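The structure displayed is predicted, hence computed values, not measured ones.
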Amino acid sequence: MKNKTDFSIGIGILVFCTVMLQQIMLLPAPAGSELFSARSFPLGIDIFLFILSALLVYSSFKTKKVQSEWPENAIRVRIGLMALSILGYVLLFIFAGDLSIQNAWPIGTVFAVSTFLFLMIAQLITGYKNWVKIFLIAIITTIFFYFIFVHFFKVPLP
């Protein structure tokens with residue numbers, strides 16, 4: 001093995017994909033002749049991520065040895081901030097979802113607001129600085145995900 005960083009990350013993602021697959025299989029299967037269901041999108045993402053991480057593990061044996069240790073401090077901070085933003089996204093989704101049910105907010109309000117905020121913060125953490133692009137990417141992606149989940153997969157959103 002020439003690149004321990006790629007190998008470690010690849011194995012970690014493979015383990016994550018395995019756990020994710022187990023959780024996805026708990027979602028309802030397609031009914032009757034339906035081609036897509038609530039599990040279709042996450043299953044596709046899981047398979048894609050599994051393939052990419054397997055390629056990463058494979059390439060870790062082929063690439064040159066990396067001189068520096070990973071992760072460096074600047075990257076550690078970004079990883080920590082991204083982990084906190086994901087946790088915040090999930091918590092906002094859960095708690096605001098409960099509020100939306102109690103107060104009869106329009107369907108999808110919590111999803112749209114939470115996703116938009118998360119995408120804005122995630123782009124800032126990764127280093128994007130152009131506010132117009134950040135806003136456009138966040139709003140277009142949120143609208144796209146909303147359409148996919150509500151109209152294509154018919155998943156009820158808080």
Side-chain angles (χ1 to χ4, degrees), residues 5-6 8-59 71 74-158:
T5 301
D6 285 354
S8 302
I9 291 172
I11 293 297
I13 295 172
L14 286 171
V15 169
F16 173 76
C17 287
T18 304
V19 172
M20 198 164 95
L21 178 64
Q22 186 271 332
Q23 292 298 312
I24 291 169
M25 289 302 134
L26 297 175
L27 296 171
S33 63
E34 285 184 3
L35 186 58
F36 295 104
S37 71
R39 75 164 65 163
S40 300
F41 183 74
L43 183 61
I45 296 293
D46 189 51
I47 291 169
F48 183 67
L49 189 59
F50 187 89
I51 291 168
L52 290 179
S53 58
L55 289 172
L56 184 63
V57 170
Y58 174 76
S59 73
I75 295 174
R76 281 188 189 139
V77 169
R78 287 186 178 192
I79 290 170
L81 289 172
M82 189 60 77
L84 285 174
S85 67
I86 291 169
L87 178 64
Y89 175 64
V90 171
L91 291 175
L92 179 63
F93 208 87
I94 291 169
F95 293 118
D98 289 342
L99 278 175
S100 73
I101 292 169
Q102 293 170 358
N103 298 318
W105 293 350
I107 294 173
T109 303
V110 172
F111 173 81
V113 171
S114 301
T115 303
F116 176 77
L117 289 174
F118 170 73
L119 290 172
M120 293 277 290
I121 292 167
Q123 290 178 83
L124 291 171
I125 290 170
T126 56
Y128 286 132
K129 293 184 179 15
N130 186 328
W131 282 96
V132 173
K133 286 183 181 178
I134 290 172
F135 178 80
L136 287 174
I137 289 170
I139 197 76
I140 290 169
T141 305
T142 301
I143 291 168
F144 175 74
F145 284 156
Y146 180 85
F147 176 78
I148 291 295
F149 285 119
V150 170
H151 298 291
F152 191 65
F153 293 127
K154 297 183 182 5
V155 175
L157 298 174

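Residues Ile86 and Phe118 form a side-chain contact, since some pair of their non-hydrogen atoms from C-beta on lies under 4.5 Å apart. At least one side-chain heavy atom of Leu124 sits less than 4.5 Å from a side-chain heavy atom of Trp131. Between Leu49 and Ile13, the closest side-chain pair of non-hydrogen atoms falls below 4.5 Å. The shortest side-chain heavy-atom distance between Ser100 and Thr109 does not fall under the 4.5 Å cut-off.
Expressed to the nearest 0.5 Å, how far CD1 of Ile9 lies from CG of Asp6 amounts to 6.5 Å. Rounded to the nearest 0.5 angstrom, Leu91 CG and Leu84 CG are separated by 10.5 Å. Atom CD1 of Ile137 is separated from atom CZ of Phe116 by 11.5 Å, given to the nearest 0.5 angstrom.
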Exercise for the section: Check step by step if side chain to side chain contact (heavy atoms under 4.5 Å, CB included) holds for Cys17 and Leu14. Expected result: CA-CA 5 Å; Cys17 287; Leu14 286 171; 5.5 Å; no

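Not less than 6.0 angstrom separates the ring centroid of Phe145 from the ring centroid of Phe111. Taking the six-membered ring for Trp and the full ring otherwise, Phe50 and Phe16 have centroids separated by 6.0 Å or more.
The nearest pair of heavy atoms linking Ile125 to Met82 is CD1-N, 3.9 Å. Closest of all the heavy-atom pairs between Arg39 and Met25 is NH2-O, 3.3 Å. Of all the heavy atoms in Val110 and Ala96, the pair that sits closest is CG2-O, 3.3 Å. Contact between Pro42 and Ile24 at its shortest, heavy atoms only, is O-CD1, 3.3 Å. Closest non-hydrogen pair, Thr142 versus Ala112, comes out as CG2-O, 3.5 Å. When all heavy atoms of Gln123 and Ile134 are compared, the pair lying nearest together is NE2-O, 3.1 Å.
Residues forming a side chain to side chain donor-acceptor pair (under 3.5 Å) with Tyr89 (at least two apart in sequence, or on another chain): Thr115.
With a 6.0 Å radius and a threshold of 12 heavy atoms from other residues, nucleotides or ligands, Ile107 has its CD1 atom at or below the threshold.
For the pair Asn103 (side chain) and Leu99 (backbone), a donor-acceptor distance under 3.5 Å is present.
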